[in-house]
2 protein chains.
Amino acid sequence: MDFRQLTYFMGVASELHFSKASEKMFIAQPALSRQIQQLEKELGVLLFERDKRNVKLTPAGEYLSNEAQKILSQLDHIKHRTQLIHNGEEGEIRIGHPGSAIYSVIPPLLSALKLFFPNIKTNLSEMLDSSVIEALKKHEIDVAFIRELHPDKYLTSKVVFREPFALILPESHAINENNFESLAQVKNDNFILPPRNSSSVYHDLLLRICEREGFLPNVVHESNYGATILKLVEHNLGVSVMPISYKFSSAIKVKFIEIKNVPERTNLSIIWRKDDTNPVLKHFLKVSDSLDFSDGHLLK
Amino acid sequence: MDFRQLTYFMGVASELHFSKASEKMFIAQPALSRQIQQLEKELGVLLFERDKRNVKLTPAGEYLSNEAQKILSQLDHIKHRTQLIHNGEEGEIRIGHPGSAIYSVIPPLLSALKLFFPNIKTNLSEMLDSSVIEALKKHEIDVAFIRELHPDKYLTSKVVFREPFALILPESHAINENNFESLAQVKNDNFILPPRNSSSVYHDLLLRICEREGFLPNVVHESNYGATILKLVEHNLGVSVMPISYKFSSAIKVKFIEIKNVPERTNLSIIWRKDDTNPVLKHFLKVSDSLDFSDGHLLK
DNA sequence: ATCAACTTATGCTTTTTAGGCATAAATAGA
DNA sequence: TCTATTTATGCCTAAAAAGCATAAGTTGAT
């Protein structure tokens with residue numbers, strides 16, 4: 001049973017006339033007759049009752065024509081969707097990201113993606129930098145945002161966003177936007193930071209700044225999650241330094257004071273498998289290229 | 001896109017290895033490679049990523065393999081059911097019948113049909129003899145039970161059941177099983193019968209009997225429907241003569257007295273289109289042939 | 001009754017497609 | 001570097017499909 005035969009069968013079934021059907025399908029009538037005969041022979045089923053004058057469907061033919069109709073249109077549909085997927089216009093992309101990215105690049109990126117590729121689904125997983133590499137290699141995600149880059153043979157990455165740090169203070173803290181001048185002013189405060197091993201960027205950059213200011217921060221609490229750190233600050237357990245995009249996290253009773261007049265910035269990079277040929281990824285990268293994540297642009 | 005190609009594609013998709021797949025499907029590996037290439041070319045879609053060492057599905061190939069799987073098994077199913085229908089083991093038969101047949105041949109016939117052909121559906125339409133011929137010719141029904149035969153070029157019929165008449169009396173009537181001897185005893189009663197034009201059998205047979213007994217029945221009500229006649233008798237509006245199988249209609253307050261000692265009988269025939277090739281009909285006729293509807297057998 | 005018109009089936013030939021074999025090309029691993 | 005492995009390509013053969021001519025059967029008109 002061949003799709004060609006099935007198509008021919010549908011032609012005859014709708015015309016109930018071999019000659020007319022053969023014209024419509026641009027083949028000679030004997031060829032058509034024989035294809036139908038073959039189909040009937042293969043099935044062991046008479047599909048048409050024909051005398052020399054009239055052609056009509058048998059009950060089995062009736063049934064087959066209904067079902068074949070469905071199958072053929074399903075097939076068209078599948079063909080079409082396969083092509084969409086090939087072109088990357090349909091599909092899913094699984095994105096790993098640090099919590100902070102939710103406050104910066106992710107919203108405009110998803111909007112743009114939806115706009116240009118309405119049939120691409122996204123699947124977001126918040127994860128720590130330390131899990132991202134493994135998740136990519138295990139094919140658990142297709143692309144990720146990451147703050148800290150480790151060169152890797154199988155991965156490619158690109159910086160997409162660069163932002164200053166902010167000093168995070170409890171509402172009641174004496175320092176504010178107006179009287180803040182440098183980190184030296186909090187040299188005696190307790191600090192809450194991510195653990196050194198899971199995220200060396202903050203540490204190293206912060207240490208560099210502090211070093212210039214002539215002190216070492218006294219870390220009394222550690223947490224991997226930005227939201228947790230914010231809560232601890234809110235409860236007066238210390239101060240912190242975080243990417244300024246956390247300002248948009250609607251954290252309450254906490255002050256964000258941009259640390260200006262220092263060169264240090266934190267990067268957000270996008271990272272993916274070098275050999276990933278999924279066309280959806282290409283579109284994702286294209287869309288993220290097209291957006292302007294330049295410093296501050298998204299932080300208004 | 002060809003059914004064969006899809007099957008080959010599924011073979012490679014499940015093995016992810018052209019050579020192994022080709023062995024499993026008993027064709028040479030180059031032939032298989034080429035068929036996949038053709039499919040890819042036709043779709044304009046890369047289905048496998050192959051380097052010289054590994055073969056894996058692209059996202060589009062992944063999608064297609066899921067869908068093709070479904071399509072192929074659907075197709076198997078359809079093939080099978082088409083064959084069942086061809087063999088008459090599946091399908092529907094639409095049966096026209098007079099109300100009375102519900103009390104005689106229909107129950108055992110449907111049971112037997114269900115037993116031997118569990119996938120044949122039946123569709124019963126109660127109709128008057130006068131509608132049956134037209135309904136058959138319009139293909140509204142496939143077969144019918146009928147009391148009165150009119151020879152017809154396009155129809156074939158066969159008597160399947162023969163039964164005596166019964167005298168139908170209201171419960172209060174003086175005559176009963178014991179004192180009944182002949183119809184002459186009700187010669188002065190009012191009669192309720194079907195109209196002469198719609199069903200001449202009762203009339204003609206009844207008139208023949210009455211004639212022998214030396215009277216003419218006085219018809220005061222007419223109805224086409226047995227159930228109606230029984231109701232009228234129940235309400236003391238007259239007496240009637242009907243096929244004895246109405247005894248099983250659970251009519252209440254009505255007496256059925258078999259008219260013995262007369263040769264007249266009413267036939268129930270089965271009738272169908274001579275040229276009907278529907279295999280379900282063949283089975284239906286075979287089953288009805290196999291049942292013993294001999295006089296009285298079903299009337300215990 | 002015969003003939004013309006029409007419709008599907010069959011015989012034969014050509015064209016197209018599929019499949020096989022040998023082998024190239026490429027790559028991983030010893 | 002060599003071997004084993006695996007997919008792709010060239011070329012030929014075999015099978016299948018399609019075309020053309022025409023047979024065979026049926027209907028309806030003259």
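Numbers restart at 1 for each chain; the letters A, B, ... are given by sequence-line order, proteins then strands. Just so you know, these numbers come straight off a predicted model, no measurement behind them.
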Novice: Measure CG/A:Asp51 against P/C:dA9 and give the value in whole Å, please.
Specialist: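 The distance from CG of A:Asp51 to P of C:dA9 comes to 10 Å, rounded to the nearest Å.
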Novice: Could one point to a donor on the side chain of B:Arg34 or the base of C:dG20 with an acceptor on the other under 3.5 Å away?
Specialist: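 Donor-acceptor pair under 3.5 Å: yes.
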Novice: Taking only Lys NZ, Arg NE, NH1 and NH2, and the carboxylate oxygens of Asp or Glu, determine whether B:Glu134 and B:Lys137 approach each other closer than 4.0 Å.
Specialist: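 Result for this pair is no, no salt bridge flagged.
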Novice: Starting at CZ of B:Arg50 and ending at C1' of D:dT9, how long is that distance when rounded to a whole Å?
Specialist: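 After rounding, the reported distance stands at 14 Å.
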Novice: Rounded to whole Å, please give me the gap between CD in B:Gln37 and C1' in D:dT6.
Specialist: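 Roughly 14 Å, once rounded to whole Å.
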Novice: Using side-chain contact (heavy atoms from CB on, under 4.5 Å) as the criterion, point out the one residue from A:Asn278, A:Leu285, A:Leu155 that pairs with A:Trp272.
Specialist: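 Only one of A:Asn278, A:Leu285, A:Leu155 forms a side-chain contact (heavy atoms from CB on, under 4.5 Å) with A:Trp272, namely A:Leu285.
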Novice: So, using ring pair (Phe, Tyr, Trp, His ring centres under 6.0 Å) as the criterion, who are the partners of A:His283 when residues are at least two apart?
Specialist: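 Applying ring pair (Phe, Tyr, Trp, His ring centres under 6.0 Å) to A:His283 gives A:Phe117.
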Novice: So which of residues 7-14 of chain A are in contact with DNA chain D, with a heavy-atom cut-off of under 4.0 Å?
Specialist: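 Here the set is A:Tyr8.
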Novice: Please identify each residue that fulfils ring pair (Phe, Tyr, Trp, His ring centres under 6.0 Å) with B:Phe9, with sequence neighbours left out.
Specialist: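 B:Phe9: ring pair (Phe, Tyr, Trp, His ring centres under 6.0 Å) contacts with B:Phe48.
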Novice: Can a side chain N or O of B:Ser33 be found less than 4.0 Å away from OP1 or OP2 on D:dT9?
Specialist: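 Negative; the distance criterion is not met.
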Novice: Which part of the nucleic acid does A:Gln38 contact within heavy-atom distance under 4.0 Å: base, sugar-phosphate only, or nothing?
Specialist: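 Here A:Gln38 touches the backbone only, sparing every base.
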Novice: With heavy atoms under 4.0 Å as the rule, sort A:Phe26 into base, sugar-phosphate or nothing.
Specialist: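 Sugar-phosphate contact only.
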Novice: Under 3.5 Å, is there any donor-acceptor pair linking the side chain of A:Gln29 to the base of C:dA9?
Specialist: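 Donor-acceptor pair under 3.5 Å: yes.
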Novice: Closest-nucleotide mapping onto DNA chain D: is A:Gln5 or A:Asn54 further toward the 5' terminus? I mean the 5' end.
Specialist: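 The residue closer to the strand's 5' end, by nearest nucleotide, is A:Gln5.
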